[in-house]
There are 2 protein chains.
Amino acid sequence: MAKRRSETKEENRGKLIAAARKAFAEKGYSAASMDELTAEAGLTRGALYHNFGDKRGLLAAVVEQIDTEMAARAQQIGARRGNDWLGLLAEGAAYIEMALDPEVQRIVLLDGPAVLGDPSKWPSQNSCLQVTKRAVDGLIAQGIVKPLDAEAVARLLSGAALNAALWVAASENAHDVLPKAVEAFRSLATGLLAEPL
Amino acid sequence: MAKRRSETKEENRGKLIAAARKAFAEKGYSAASMDELTAEAGLTRGALYHNFGDKRGLLAAVVEQIDTEMAARAQQIGARRGNDWLGLLAEGAAYIEMALDPEVQRIVLLDGPAVLGDPSKWPSQNSCLQVTKRAVDGLIAQGIVKPLDAEAVARLLSGAALNAALWVAASENAHDVLPKAVEAFRSLATGLLAEPL
DNA sequence: AATTTGACATACGGCCCGTATGCGGATATT
DNA sequence: AATATCCGCATACGGGCCGTATGTCAAATT
């Protein structure tokens, strides 16, 4: 066989991240054991430490991967809708739905901030925030949205969306409350409009 | 001296909670050592385990104490302003400011949700949510706010406020961005009004 | 006064993480 | 092509922390 070394290294990195995603999502960050994690990936803690430095580094890598996937989805939706007002609303709703994924919740919304600190300091830069910020910036430039601080608006919107998702996910009947959350989000967002509809 | 037993027990409970507040706020939940914690309170882990069951129990008690304090402040502000629209806005701004306290951030906003799970399942019931929900309920009944699901609105508002607070706190110049956050919050909230101002 | 209760201390064991060291194959050198 | 080097990963070790079981002494009960 004789594979290239850099090749197998990337493979193993991928295996570790995949195993970590599963373990972190199921057990939570602190309860996830590095030994079990690496064993499930067919490796040992040596590989993990060599690739990611420490447990936090592994979490950061996992978060970055998930975040990248979320950003891709958001971009798709934004592109399909166009960069207008309805696009922003659709994006917000999309984030609420994405956050229903237990993996996203546990890793990105709960353990991520607690272990890694403020999202703005993450390697991945928190795509949700960035994408929203860009959209808001555009809408302000067009005069559709009030001339507020774009980052402030993005922070509030994303915070609202993510909190709504946590609520929906914790509810018994998620499919019943999801529309309520989305509706409330849409109402809230209309407060940003420069002129009432 | 010969104090009553129940008396000293409450005293020690208080000492432990106080020490835990400091340790959790400074080092974070997972990095805080129970041994150091209890030693600083002049006790041992035996007392801690006897009173709170385990480390999570101690965190829950700390969160409850802080949460109660926050609820008291919010009630004050609400009562002073009256249960009207401006009262709700003032309350939201108050929560943003309260969340600037590093203790509140680290313990209630970061470690709390990660360790204890969804706030709605906390013993303290998360005062921020409850107070906001009650205020929104009243405004809906008066026809001031659109007939949305009160809990959904409360979730979104509190999520927005708390996320804004995290942003402000992480900023270099907090006193510069705080007004931006509050202004954005006010704009967002106007989206809830049944009729434009 | 004897007994029971309860609050807390002490002792023990296991798990987990981070570091230091060792090893074998891929890569570079001449 | 043979040797030397490097690198990715495994293994071994040590310390810390948490949860449980057990012990102890003062307060409460009778």
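Chain identifiers are assigned alphabetically (A, B, ...) following the order of the sequence lines, protein sequences preceding nucleic acid strands; residue numbering begins at 1 within each chain.
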**Student:** Which pairs would a plain distance check flag for residues 72-79 of chain A, meaning a side-chain donor or acceptor within less than 3.5 Å of a matching protein atom at least two apart in sequence or in another chain?
**Tutor:**
none

**Student:** So, does B/His50 get its side chain near the phosphate of C/dA7, meaning an N or O under 4.0 Å from OP1 or OP2?
**Tutor:** yes

**Student:** Starting from P on D/dC18, measure out to NZ on B/Lys55 and report it in whole angstrom.
**Tutor:** 4 Å

**Student:** Mind listing the side-chain donor-acceptor pairs of residues 133-142 of chain B below 3.5 Å, one per line with the distance, residues two or more places apart or on another chain?
**Tutor:**
none

**Student:** Under 4.0 Å, counting only non-hydrogen atoms across every strand here, what does B/Ala32 touch: a base, just sugar-phosphate, or nothing?
**Tutor:** sugar-phosphate

**Student:** Is there a path from B/Leu110 to B/Val62 through hydrophobic residues (I, L, V, M, F, W, Y) whose side chains come within less than 4.5 Å of each other?
**Tutor:** no

**Student:** Check whether any side-chain N or O of B/Asn51 sits under 4.0 Å from OP1 or OP2 of C/dC8, and answer yes or no.
**Tutor:** yes

**Student:** By the ring-ring contact (aromatic ring centres under 6.0 Å, His included) test, which pairs, at least two apart or in different chains, include something from residues 4-36 of chain A?
**Tutor:** A/Phe24-A/Tyr29

**Student:** Identify each donor-acceptor pair in which a side-chain atom of residues 31-42 of chain A lies under 3.5 Å from a protein atom, sequence neighbours left out, and give them as a table.
**Tutor:**
| residue | atom | partner | partner atom | Å |
| --- | --- | --- | --- | --- |
| A/Ser33 | OG | A/Asp35 | N | 3.2 |
| A/Ser33 | OG | A/Glu36 | N | 3.4 |
| A/Asp35 | OD1 | A/Arg45 | NH1 | 3.0 |
| A/Glu36 | OE1 | A/Lys27 | NZ | 2.6 |
| A/Thr38 | OG1 | A/Met34 | O | 2.8 |
| A/Thr38 | OG1 | A/Asp35 | O | 3.0 |
| A/Glu40 | OE2 | A/Lys22 | NZ | 3.3 |

**Student:** Could you tell me which residues satisfy side-chain contact (heavy atoms from CB on, under 4.5 Å) with B/Val108, sequence neighbours excluded, listed by chain and number?
**Tutor:** B/Ile66, B/Val104, B/Trp122

**Student:** For residues 90-98 of chain A, tabulate all N or O donor-acceptor pairs below 3.5 Å that involve a side-chain atom, not counting sequence neighbours.
**Tutor:**
| residue | atom | partner | partner atom | Å |
| --- | --- | --- | --- | --- |
| A/Tyr95 | OH | A/Cys128 | N | 3.4 |

**Student:** How long is the line joining NZ of A/Lys9 and P of D/dC9, in whole Å?
**Tutor:** 6 Å

**Student:** Is the phosphate of C/dA7, meaning OP1 or OP2, less than 4.0 Å from a side-chain N or O of B/Asn12?
**Tutor:** no

**Student:** Identify, residue by residue, the members of residues 33-43 of chain A with a heavy atom below 4.0 Å from DNA chain D, and return them in order of residue number, or none.
**Tutor:** A/Leu43

**Student:** Quick one: salt bridge (charged side-chain N to carboxylate O under 4.0 Å, His left out) partners of A/Lys146, sequence neighbours excluded?
**Tutor:** none

**Student:** At a cut-off of 3.5 Å, list every protein nitrogen or oxygen paired with a nitrogen or oxygen from nucleotides 12-15 of chain D, distance to 0.1 Å.
**Tutor:**
none

**Student:** What is the distance from NZ of A/Lys15 to C1' of D/dA10, rounded to the nearest Å?
**Tutor:** 15 Å

**Student:** Can you check the B/Glu7 CD to C/dC8 C1' distance for me, whole Å?
**Tutor:** 17 Å

**Student:** If each of B/Arg13 and A/Tyr29 is mapped to the nucleotide of DNA chain C with the nearest heavy atom, which maps nearer the 5' terminus, i.e. the 5' end?
**Tutor:** B/Arg13

